[in-house]
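Following: one structure in structure tokens, then a few remarks.
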Amino acid sequence: MAAEKKVLASRRYAKRSQSAEIWHRLRKNKGAMLGLAIMIAIILIAIGSNIFLDYDTDVIGQNVAERLQHPSLKHPMGTDATGRDMMYRIFYGTRYSLSIGIASVLIALVIGVTLGVIAGYYGGRVSEIIMRLSDAIAAIPSILMAIAIVSALGQSMFNLMLAVGVTSVPQFVRITHAATLTVRNQEYVEASRCLGLRQWQIILFHVLPNCLSPIIVQTTLRVASAIISASSLSFLGLGVPAPMPEWGGLLSAGRKYIRTHSYLTLFPGLAIMITVLALNLLGDGLRDALDPKLKGKK
């Protein structure tokens, strides 16, 4: 009886598609599912705040009569120095922090994956030039490079995305380069060459799809790092300009009241911490789910 159950279970497992197998392994990881649930809630907050909150009234509307009020039923996260509700500002700021994190990683993803797959596939002098440039960028502390880019281009949301994105390029170059080296001489790639496919077709349809697993994991983890970097720049006054309530900017605005009204820095800091923790949990779960060594395990 037990043997029959094992046979039936193995047959059900064999019938699963690749995406179903990944979801099956991801679903069994409690930490990854917790991170996924938190990220879904954060995304819903970002979408809902844009729909249900009035930016001019709820987010930047000032009410001096209610300034610096501690958390209460009326204001669960208190009010700031001009009487603005901190909960509304943090909720509305979710869309800025997530947008910056995702957009900056997309910039790094496009540039880094393109350069990494070219370096890994062609090798030789092309690979040397690309990898040495990547090493040179990686040798510069990311926060210093981001500060230099924002200072040179000016303070704006797009420049902040660009600065954070550029600092993330070397990680994607290395990951993609290493993954490409492992697949460029596989049988299916050689068969594609024998069939007369062009180089760009081989890279786009045969090499790159088989390098996606580490890239997906790196993307998830880099969004968390990008949110921290963007918040750090906003804390230094080089991020999203006021009065847009980006989390790092809220931390910077509340630091002068940290001794008497610590909630002004506590709640924005918790928002950053919870988001980064959720993304890291989800990234670790994806890494385990996409690991080919786990294939066939339940």
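One-based numbering along the sequence shown.
Residues F172 and V105 are in side-chain contact: their nearest non-hydrogen atoms beyond the backbone lie under 4.5 Å apart. A heavy-atom distance below 4.5 Å is found between the side chains of C211 and V183. Side-chain contact between R287 and D284 is present, with heavy atoms from C-beta onward closer than 4.5 Å. Using a 4.5 Å heavy-atom cutoff, the side chains of M86 and P268 are in contact. Contact of the L221 side chain with the N280 side chain is registered, since non-hydrogen atoms from C-beta on lie closer than 4.5 Å. Between P245 and R84 there is no side-chain heavy-atom pair separated by less than 4.5 Å. Between H70 and H261, some side-chain heavy-atom pair lies under the 4.5 Å cut-off.
Here the straight-line distance linking atom CD1 of I38 with atom CG of L282 works out to 10.0 Å at 0.5 Å rounding. Distance check, rounded to the nearest 0.5 Å: CG of L36 to CG of L279 gives 10.5 Å. Distance check, rounded to the nearest 0.5 Å: CG of L53 to CZ of R95 gives 10.0 Å. Once rounded to the nearest 0.5 Å, the distance linking CD1 of I227 with CD of E246 reads 9.5 Å. Here the CD1-OG distance, from I111 to S168, works out to 10.5 Å after rounding to the nearest 0.5 Å. Going from atom CG of L212 over to atom OG1 of T176 covers 9.5 Å, rounded to the nearest 0.5 Å.
Relative to the ring axis of F267, R89 does not place its NZ or CZ within 45° and under 6.0 Å from the centre.
Without hydrogens or angle criteria, S134 side chain to I130 main chain gives no donor-acceptor distance under 3.5 Å. Remark: the backbone N or O of Q155 is not paired with any side-chain donor or acceptor of N159 at under 3.5 angstrom. Panel note: side chain N50, backbone A46; no donor-acceptor pair is recorded below 3.5 Å. A distance-only check finds a donor-acceptor pair linking the side chain of S104 to the backbone of G101 [under 3.5 Å]. The backbone N or O of I90 sits less than 3.5 Å from a side-chain atom of W247, completing a donor-acceptor pair. R67 places a side-chain N or O within donor-acceptor distance of the main-chain N or O of A81, the cut-off being under 3.5 Å. No donor-acceptor pair under 3.5 Å is formed between the side chain of S252 and the backbone N or O of G248.
A continuous path of hydrophobic side-chain contacts links L144 to I228 [ILVMFWY only; heavy atoms under 4.5 Å]. Hydrophobic clustering (side-chain heavy atoms under 4.5 Å, transitive across Ile, Leu, Val, Met, Phe, Trp, Tyr) keeps V166 apart from L133. V110 and F205 fall into different hydrophobic clusters, where Ile, Leu, Val, Met, Phe, Trp and Tyr residues are linked whenever their side-chain heavy atoms come under 4.5 Å apart, directly or through other members. When hydrophobic clusters are built by joining Ile, Leu, Val, Met, Phe, Trp and Tyr residues whose side-chain heavy atoms come closer than 4.5 Å, directly or via intermediates, Y55 is grouped together with I51. Both Y88 and L270 are part of a single hydrophobic cluster, where members link through side-chain heavy atoms under 4.5 Å apart.
Between G239 and S234, the shortest heavy-atom distance links the atoms CA-OG, 3.4 Å. The heavy-atom pair separating I272 from S231 by the smallest distance is CD1-OG, 3.5 Å. Minimum interatomic distance between S156 and P241 (heavy atoms only, all atoms of both residues): CA-CD, 4.4 Å. For G269 against L251, the heavy-atom pair with the smallest separation is N-CD2, 3.9 Å. Residues L290 and S213 share a closest heavy-atom pair of CD1-O, 3.6 Å.
For the side chain to side chain contact (heavy atoms under 4.5 Å, CB included) with Y122, the lone residue among V117, T180, I203 that qualifies is I203. Just one residue in the list H177, Q199, R184 forms a side-chain hydrogen bond (donor to acceptor under 3.5 Å, both in side chains) with Y121, and that residue is Q199. Here the options are L68, I258, L250, the test is side chain to side chain contact (heavy atoms under 4.5 Å, CB included), and the partner is L264; only L68 passes.
For R132, the CZ atom is densely surrounded, since the number of other residues' heavy atoms within 6.0 Å is greater than 12.
Residues E66 and T79 have side chains that never bring a donor and an acceptor to within less than 3.5 angstrom of each other.
The side-chain hydrogen bond (donor to acceptor under 3.5 Å, both in side chains) check on Q62 picks up nothing, with sequence neighbours excluded. Evaluation of the side-chain hydrogen bond (donor to acceptor under 3.5 Å, both in side chains) rule for T275 yields no partner, not counting sequence neighbours. Applying the ring-ring contact (aromatic ring centres under 6.0 Å, His included) criterion to F158, with sequence neighbours excluded, gives no partner residue.
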